[in-house]
There are 2 protein chains.
Amino acid sequence: MSILNNAAAVLSCYGAGCTDVTVTEVSERLGLPKASSSRLLRAMREAGMLETIGGTRRHRPGRMMLDLAAAFRHSSSLISRASEVVVTATRQFGHTGYISLLDGREVTAVADFEGTNLLRVVSNIGRRLPAHLSATGRSLLARMSDEEVRRLYDGAPEAKVLLRELARVRSQGFAVSEQESTEGVDGIAVAVGDPSTNEAIALCIVFPHALVGEPERDRMIAALGDGAEEIARSLGDRAFIPPKLENRITT
Amino acid sequence: MSILNNAAAVLSCYGAGCTDVTVTEVSERLGLPKASSSRLLRAMREAGMLETIGGTRRHRPGRMMLDLAAAFRHSSSLISRASEVVVTATRQFGHTGYISLLDGREVTAVADFEGTNLLRVVSNIGRRLPAHLSATGRSLLARMSDEEVRRLYDGAPEAKVLLRELARVRSQGFAVSEQESTEGVDGIAVAVGDPSTNEAIALCIVFPHALVGEPERDRMIAALGDGAEEIARSLGDRAFIPPKLENRITT
DNA sequence: AACTGCGGTTCCATTTTCTGGAACTTTCCG
DNA sequence: CGGAAAGTTCCAGAAAATGGAACCGCAGTT
């Protein structure tokens, strides 16, 4: 068990609302002796991976993580192109937009773009959601074959329902979330990929459930879909599914 | 020399436009034998700190960095409060806003908030600037004593000019940047701190130089200043310098 | 003031991991 | 296809990491 794995295990503690840790908490969560935890956190501090909050015992990720997250975002021309599309839609409609990607069975937001309407949506960056319970996740899963989805959700009770849901997403070319992950907030998502890097991302807009009617939703779907289609064409994404509003299935 | 330090050195390669690295590049930049570099990158890959781009030889930061950057942002109530202020100002004025912090002699943006006006400013997150050459940097440095600034810039040729500049910032309570780091773009920044964590951040708005006149600049300064003052009051920041428009010194 | 408990740090012998150079393998390009 | 460049594996020795115990620092209680 290398120290690098221990360090990564410490870093994995962050998330799901955990913003800082102490020596004792690390010791308990990783099952390491106190002495090892103390030395590990110290070494990580000195390497810049962690920093203490105001000289207290509380350790948070070091500020180098800001640079690293940005480098991740900039490493992908797919993300850059999709960001342009979502920014434009965010400005056009005034609602908040996201770029998200899959990591195992979860989605995580890569970038967000604040809207101007009255709805202040908590930033999704750093917040992981089950893929099958979010529009972005479903739009991304819909790009996979049923066999691939079955393998990913092997043994999971939600697999059967999910496969039916994904058939629907494929038919429509977009995924919809209705107050699913946030009360009062709906979302629409369209996924697109880059075959040269074998990655895919979801473009998403979220908006207040009660204030946005179907005509505006259609316009947003079209805006995301047209932009994503342009990206798919220029990157050669043969798995792209263009949104077809006439195929919309209402619940 | 521990493997953790080597890993951190690899992670430090990202930034200044570098979004991915190969084994050979790491070998050269860190002065390590190829064998060591290959094993190091592999161990970091397996730990999730790095990932390859589409199975190529190119390594970028792993997606865990997104979570870690978010945890950093959420670890500070100062950043959260300041973000509220900047979002409000961004919506009120339509210009892009930032939260930035100091790291040595550099500033780095923690969060950005896209405006709605026609100016599309490249995201500053992940882009480090010399603190003395940016409004956010100067507003943060102005909170330090001259002695502290001299120590930070010990031996640096720009120290003398900077100290004069900081006296000006202290007199005004805000810092201004006029087409300094980006052509055609001006910025104003106000710094505020949290004595309980001993950290400080700068609230900043950037806008097109040619399109924003002095009355609107004053209103933006007031918006940032009032918000920052509220934060300072509630966190007990005795080093806070409220903006005083009557003390403005024009170049 | 002394004591106790909790969180964290240091010491040290032992164990484990990491290292560099060389040989080998894979990939890419002309 | 061949050659060169990039990357990987092997192995003995060196270096780092480990766990348990002792120690330290701080805060609260008597």
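Keep in mind it's a predicted model, so treat the numbers as computed, not measured.
Using a 4.0 Å cut-off between charged side-chain N and carboxylate O, R58(B) and E25(B) make a salt bridge. Salt-bridge annotation for R143(B) and D237(B): present, with a side-chain N of the basic residue lying under 4.0 Å from a carboxylate O of the acidic one. Comment: E199(B) engages R60(A) in a salt bridge, judged by a side-chain N to carboxylate O separation of less than 4.0 angstrom. Between R63(A) and E51(A) there is a salt bridge, with a side-chain nitrogen of the basic residue lying less than 4.0 Å from a carboxylate oxygen of the acidic one. Under the 4.0 Å criterion applied to side-chain N and carboxylate O atoms, E148(A) and R151(A) are not assigned as salt-bridge partners. Remark: D20(A) does not engage R57(A) in a salt bridge, criterion side-chain N to carboxylate O under 4.0 Å. Using a cut-off of 4.0 Å between Lys/Arg side-chain N and Asp/Glu carboxylate O, E230(A) and R233(A) are scored as salt-bridged.
Atom CD of E25(B) is separated from atom C1' of dA6(D) by 11 Å (rounded to the nearest Å). Distance CG (L30(A)) to P (dT18(D)): 11 Å, rounded to an integer number of Å. As rounded to whole Å, 15 Å separates atom C1' of dA17(D) from atom CG of L41(A). If you take CZ of R42(B) and P of dC10(D), they are 10 Å apart, rounded to a whole angstrom. If you take CD1 of I3(B) and C1' of dT19(C), they are 10 Å apart, rounded to a whole angstrom. The nearest whole Å value for the distance from the CG atom in L4(B) to the C1' atom in dC18(C) is 13 Å. L40(A) places its CG atom 10 Å from the P atom of dA17(D), with the value rounded to the nearest Å. Going from atom CG of N6(B) over to atom C1' of dA15(D) covers 13 Å, rounded to whole Å.
Here the straight-line distance linking atom CD of E28(B) with atom OG1 of T22(B) works out to 7.5 Å at 0.5 Å rounding.
Taking 3.5 Å as the limit, the base of dG20(C) and the side chain of R39(B) contain a donor-acceptor pair of atoms between them.
Look at S2(B) and you won't find any side-chain N or O under 4.0 angstrom from OP1 or OP2 of dA15(D). Remark: N5(B) is not in phosphate contact with dA16(D), judged by side-chain N or O atoms under 4.0 Å from OP1 or OP2.
No engagement by S37(B) is indicated, since no non-hydrogen atom pair under 4.0 Å with the nucleic acid exists. S38(A) comes within contact range of at least one nucleobase, with a heavy-atom separation under 4.0 Å.
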Reading nucleotides 22-30 of chain C from the 5' end, what letters show protein touch, with B for base, S for backbone sugar-phosphate only, - for no heavy atom under 4.0 Å? B----S---
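Taking the C1' atoms of five terminal pairs at each end of the helix from dA1(C)-dT30(D) to dG30(C)-dC1(D), the two resulting helix axes are inclined by 50°, rounded to 10°.
Of the candidates dG7(D), dT19(C), dT18(D), the closest approach to any side-chain atom of S36(A) belongs to dT18(D).
Counted by atom type alone, H59(B) and R45(B) present one or more donor-acceptor pairs between their side chains at under 3.5 Å.
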